[in-house]
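In what follows, a structure is listed as structure tokens, so that the remarks can point back to it.
Values below: all heavy atoms of this structure, side chains included; hydrogens, waters and symmetry mates excluded.
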Amino acid sequence: MRYAMAIDTKRCVGCSDCVVACQTENNIPIGYCRDWIVESMSGTYPELQLEIRSERCNHCSDAPCVRACPTQASHVGKGGIVLVEETECIGCKACIASCPYDARFVHPEGYVDKCTFCIHRVEKGQNPACVDVCPTHAMIFGDMDDPNSDIAKLVARRKWKTLIPEAGTKPNIYYLL
Amino acid sequence: MVEEIITSGRMTPEVDPILHIWGWEIPLYLFLGGFAAGILFFSALFTLQNKEDRYSMAVKVLPLAVPVLLALGLGALFLDLSHKRYFWQLYTNIRWESPMSWGAWTLLLVTPLSIVWAASWIEDLFPKLDLRYDWLKQAIHMIRDYQKPMAWALIVLAVILGMYTGILLSAFNARPFWNSAIMGPLFLTSGLSTAAAAIALLARDHAERSMFTKIDLVLIAVELFFIIHLFMGFLASTQVHIQAAEMFLGGEFTVPFWVWVVGIGLAVPALLEILELRKRGVPTFVPALMVIGGSLMLRFIVVEAGQASRWLY
Ligand code: SF4
Ligand code: SF4
């Protein structure tokens with residue numbers, strides 16, 4: 001099983017509902033976020049292209065943050081979800097330095113925090129909060145190892161990219177183009 | 001020209017707009033670790049060569065400072081941890097893939113060994129010292145018999161420790177400026193040079209002073225060679241590595257690095273050391289202090305610059 005997320009950049013309007021939903025669902029302290037919106041404008045005037053992305057931890061299959069962790073606090077959980085065990089984290093921040101996406105942060109309580117794919121919901125068969133709240137249905141969550149899952153079919157059909165694949169982390173968030 | 005403007009809604013403290021998770025504690029930790037490794041290396045090396053009496057500052061006296069330096073270094077590391085209550089987790093796990101982990105374990109091995117090593121020279125240094133307890137006298141006599149094997153172990157551990165101070169950084173692929181295999185050898189050389197300068201600074205004997213001034217001169221040359229290769233490597237690599245190097249070639253770190261680290265920390269003291277060896281009346285402490293200060297600066301700038309360098313997307 002390999003949990004992944006496909007995010008449709010053609011649908012996302014950058015409303016930040018996913019950001020707020022995550023902050024509420026996971027009780028994220030004010031000023032911090034586990035997911036965020038990036039807008040990228042590229043091209044030469046007048047041929048400009050706008051891409052809006054909802055970003056978060058990529059739950060990399062080859063996660064440098066897990067390798068950098070001296071205590072196994074950062075570990076790979078069920079379905080490849082990359083998690084941090086609060087009571088094993090010493091706050092050395094090696095994992096933050098090792099993440100090319102800057103997806104992690106130091107929680108005000110001292111341990112390192114990041115997106116969990118809402119594992120507490122996923123275990124009950126629900127979607128991550130950001131996926132369910134998205135008004136344009138831009139996000140799909142599921143198991144990439146199951147060829148019949150909605151996400152696997154969508155990724156097979158559409159053009160997609162992952163972020164900085166050249167960093168070699170094998171990210172599991174697919175941006176549909 | 002095709003351009004890309006990226007706007008991010010993320011404003012995480014210590015992460016945006018540029019990463020700043022490590023302040024003064026980690027560079028100080030790396031400096032002290034490298035310095036201690038350098039002292040242990042020379043002490044063990046000249047013990048194996050039976051030159052402990054000729055180079056007594058290097059072999060017998062300075063090792064007394066090593067446990068203190070290591071304790072201060074570990075103290076700095078501890079101060080940096082943001083979840084201190086769980087510090088002990090470092091020593092209930094061994095993770096070979098994590099430099100943070102094997103470095104912590106190396107320190108755990110080196111620290112007690114450095115205490116035993118320093119103790120083995122106590123009688124030489126303080127012949128009139130009355131150790132009072134018989135068991136203490138016996139223990140010190142016993143460790144004296146093992147000085148040679150201990151020296152071998154220390155040489156190996158000192159090299160590992162010195163390299164580790166650089167590898168801790170170079171293992172981070174996510175920070176292009178750190179991600180160079182040169183970092184380990186560069187930090188090892190810089191640690192050895194710091195130790196050589198400290199020995200030259202403190203040695204009372206003229207022969208010892210000039211020996212370590214010569215050693216330091218060679219180490220400075222090696223360091224300059226590594227620094228040139230560091231930048232050549234970056235410039236021959238990917239776009240993000242070139243951008244990382246550009247922070248030092250016209251960017252924000254240009255003056256601090258080339259003036260303070262390379263100029264005042266390496267090149268000028270090297271010249272002064274040459275003059276000193278030619279008996280031109282340069283006091284030893286001037287170049288020695290410049291070298292020590294430069295190597296501290298090197299850690300600060302490299303730790304800072306690595307955090308400022310990143311992959312762009
Ligand atoms: S995105 Fe960063 S934090 Fe998430 S798994 Fe990859 S390296 Fe680790
Ligand atoms: S900060 Fe915590 S989770 Fe991150 S590497 Fe250190 S111990 Fe592991």
Turns out that what part of A:Glu47 lies under 4.5 Å from chain B's heavy atoms comes down to neither
When rounded to the nearest 0.5 Å, the distance separating CD of A:Glu88 from CG of B:Leu90 is 12.0 Å
So B:Glu14 and A:Ile96, side-chain contact (heavy atoms from CB on, under 4.5 Å) or not? Walk me through it. CA-CA 10 Å; B:Glu14 293 183 343; A:Ile96 303 185; 6.0 Å; no
ask   = Can you tell me if B:Arg85 uses its side chain to pair, donor with acceptor, with the backbone of A:Thr87 under 3.5 Å?
value = no
Max heavy-atom pairs within cutoff under 4.5 Å with chain A, candidates B:Ser101, B:Ala174, B:Pro176, B:Ser82, goes to B:Ser82
- Query: If you count the non-hydrogen atoms of other residues, nucleotides and ligands that lie under 6.0 Å from CG in B:Leu312, is the total more than 12?
  - Reply: yes
In terms of heavy-atom pairs under 4.5 Å with chain B, the winner among A:Ala97, A:Ser98, A:Ser40 is A:Ala97
Of all heavy-atom pairs linking B:Gln89 and A:Ile90, the shortest is CB-CG2, 3.9 Å
Honestly, the part of B:Trp105 sitting under 4.5 Å from a heavy atom of chain A is neither
Chain B shares the most heavy-atom pairs under 4.5 Å, among A:Gly168, A:Cys89, A:Ala73, A:Gly31, with A:Cys89
Residue pairs passing the salt bridge (Lys or Arg N to Asp or Glu O under 4.0 Å) test with at least one member in residues 160-171 of chain B, sequence neighbours excluded, are none
- request: Keeping the roles fixed (side chain from B:Trp102, backbone from A:Pro70), state whether a donor-acceptor pair exists under 3.5 Å.
  value: no
Whatever's closer than 4.5 Å to a heavy atom in chain B on A:Cys69 counts as backbone
If one checks every heavy atom of A:Arg104 against chain B at 4.5 Å, the contacting part turns out to be backbone
B:Trp22 and A:Cys92 have their tightest heavy-atom pair at NE1-O, 3.1 Å
Bottom line for B:Trp178: the part with an atom under 4.5 Å from chain A's heavy atoms is side chain
Looking only at B:Trp88, B:Phe87, B:Tyr86, the option with the highest number of non-hydrogen pairs under 4.5 Å against chain A is B:Tyr86
Under 4.5 Å to a heavy atom of chain B? For A:Tyr101 that would be both
Answer key: most heavy-atom pairs under 4.5 Å with chain A among B:Ile6, B:Asp16, B:Thr12, B:Ile21 is B:Ile21
Heavy-atom nearest pair, B:Phe172 first then A:Ala94, reads CE2-O, 3.1 Å
Test side-chain contact (heavy atoms from CB on, under 4.5 Å), reference A:Lys93, set B:Asp80, B:Leu19, B:Ile26, output is B:Asp80
Rounded to the nearest 0.5 Å, the CZ atom of B:Arg95 sits from the CZ atom of A:Arg67 at a distance of 9.5 Å
For A:Ala68 and B:Ser98, the nearest pair of non-hydrogen atoms, with its separation, is O-OG, 2.7 Å
Quiz item: Between B:Arg175 and A:Cys99, is there a donor-acceptor pair closer than 3.5 Å when you use the side chain of the first and the backbone of the second?
Solution: yes
In terms of heavy-atom pairs under 4.5 Å with chain B, the winner among A:Val112, A:Asp35, A:Ile37, A:Ile164 is A:Ile164
* Asked: Would you say B:Arg10's side chain and A:Asp102's backbone share a donor-acceptor pair under 3.5 angstrom?
  -> yes
Rounded to the nearest 0.5 Å, the NE2 atom of B:His83 sits from the CD atom of A:Glu86 at a distance of 7.0 Å
Quick check against the 3.5 Å criterion: does B:Asn173 have a side-chain atom that pairs as donor or acceptor with the backbone of A:Ala167?
yes
Comparing A:Arg53, A:Glu109, A:Gln49, A:Glu55 against chain B, the one with the most heavy-atom pairs below 4.5 Å turns out to be A:Glu55
